[in-house]
2 protein chains.
Amino acid sequence: MTLSITDFPAPTQGDDCRMVREILDLVGDKWTLYIIATLKDGPVRFNELRRRIDGISQRMLTINLRGLERDGLVKRTLFPTIPPRVDYELTEVGRTLLAPVMALVRWASSNLENIRDARVRYDAS
Amino acid sequence: MTLSITDFPAPTQGDDCRMVREILDLVGDKWTLYIIATLKDGPVRFNELRRRIDGISQRMLTINLRGLERDGLVKRTLFPTIPPRVDYELTEVGRTLLAPVMALVRWASSNLENIRDARVRYDAS
DNA sequence: CCGTATCCATGCCGATACTG
DNA sequence: CAGTATCGGCATGGATACGG
């Protein structure tokens with residue numbers, strides 16, 4: 001999922017789908033959702049994020065944080081001490097994203113078991 | 001399973017994120033959302049889907065429809081005529097997915113412009 | 001009409017090594 | 001502590017050709 005909205009040519013599907021796709025491009029990658037969730041309670045330092053998000057590499061954490069900062073969803077604060085310290089926290093906009101994600105959480109809770117069962121049935125036949 | 005995203009325990013991230021990620025793996029690819037949207041009003045034949053979803057290849061349409069069928073979100077009906085005819089339609093489960101997606105639509109409508117502006121500002125600096 | 005099969009470009013992401 | 005740089009594997013998806 002590495003698409004920009006410009007990858008979608010002539011509109012026949014209405015604007016809704018393209019907007020949602022742009023949001024999915026924001027949160028649909030492997031790590032962004034974990035980062036947002038980990039920042040929900042307030043500022044967290046870089047290596048603390050790294051520790052809390054199991055399996056993420058330094059490289060991917062940096063890349064995703066830069067993207068979120070660029071989109072205005074995360075605020076980066078540098079304390080020019082030695083050694084340096086950097087805090088990351090959700091912006092107001094970033095926090096509002098939690099609500100629609102919650103809707104997906106609820107849907108997932110209700111339907112994930114059915115989907116897994118459906119897969120087993122399908123693969124068996 | 002009544003988890004809320006606000007219950008995320010560090011350091012394992014809880015189950016919510018993994019569930020949402022599984023849903024994002026369902027709808028987060030390039031075409032699935034368009035397919036679901038195109039099927040929202042009732043059964044559509046294969047080549048009609050192909051025509052309505054601008055830019056999709058035969059290959060990707062087939063692959064995504066198979067995935068949705070496997071997950072129990074889309075029902076495939078073969079009419080063994082000559083030439084053959086195949087109808088695709090959302091299942092009951094598939095239709096319920098439209099609601100949480102709509103929540104993302106609303107968030108996108110409210111915030112996409114801000115995000116684009118934020119990107120422009122970030123890239124300028 | 002409704003697919004499958006094959007080749008291949010693109011780019012995400014992990015691993016590793018190196019700076020201020 | 002908080003990054004950056006580079007390499008390479010691997011999955012996604014487009015183009016094309018062929019089959020039932």
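Residue numbers begin at 1 in each chain, while the letters A, B, ... track the order of the sequences. Owing to the predicted nature of the structure, the values given are computational and were not obtained by experimental measurement.
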Could B/R119 and B/D117 be called an ion pair, given the rule that one side-chain N must be under 4.0 Å from one carboxylate O? no
The side-chain hydrogen bond (donor to acceptor under 3.5 Å, both in side chains) partner of A/E48 among A/R50, A/R52, A/R45 is A/R52
Could you tell me how far apart A/M60 (CE) and C/dG11 (C1') are, to the nearest whole angstrom? 11 Å
Interatomic distance where CD belongs to A/E48 and P belongs to D/dA2 [whole Å]: 10 Å
Could you say whether B/P84 or A/K30 is positioned toward the 5' end of DNA chain C, judged by the nucleotide with the nearest heavy atom to each? B/P84
Protein-nucleotides 3-5 of chain C N/O pairs closer than 3.5 Å?
{"residue": "C/dG3", "atom": "OP1", "partner": "B/R66", "partner atom": "NH2", "Å": "3.1"}
{"residue": "C/dG3", "atom": "OP1", "partner": "B/R76", "partner atom": "NH2", "Å": "2.4"}
{"residue": "C/dG3", "atom": "OP2", "partner": "B/Y88", "partner atom": "OH", "Å": "2.7"}
{"residue": "C/dG3", "atom": "N7", "partner": "B/Q58", "partner atom": "OE1", "Å": "2.9"}
{"residue": "C/dG3", "atom": "N7", "partner": "B/Q58", "partner atom": "NE2", "Å": "2.4"}
{"residue": "C/dG3", "atom": "O6", "partner": "B/Q58", "partner atom": "OE1", "Å": "3.2"}

Can you tell me if CG on A/L78 sees more than 12 non-hydrogen neighbours from other groups inside 6.0 Å? yes
Side-chain touch B/Y122/A/R66, heavy atoms, less than 4.5 angstrom: yes
Options D/dG13, C/dC2, C/dG14, nucleotide nearest the side-chain atoms of B/W31: D/dG13
To the nearest Å, give me how far apart CD (B/E69) and P (C/dC2) are. 15 Å
Which residues pass the side-chain contact (heavy atoms from CB on, under 4.5 Å) test with B/E89, sequence neighbours left out? B/P43, B/K75, B/T77
With a 4.0 Å cut-off on N to O distance, would you call B/E22 and B/R18 a salt bridge? no
Could you state the atom-to-atom distance from CG of B/D25 to P of C/dC13 in whole Å? 11 Å
note: A/R50, atom CZ; D/dT4, atom P; distance rounded to Å ~ 14 Å
Spacing of A/D54 atom CG relative to C/dG14 atom P, expressed in whole Å: 12 Å
A/R45 vs D/dA2: side-chain N/O to OP1/OP2 distance below 4.0 Å: yes
Could you tell me how far apart B/R85 (CZ) and C/dC2 (C1') are, to the nearest whole angstrom? 13 Å
In whole angstrom, give the distance that lies between atom CG of B/D87 and atom P of C/dC1. 14 Å
May I ask you to decide whether A/R121 forms a salt bridge with A/D123, counting only side-chain N to carboxylate O separations under 4.0 Å? no
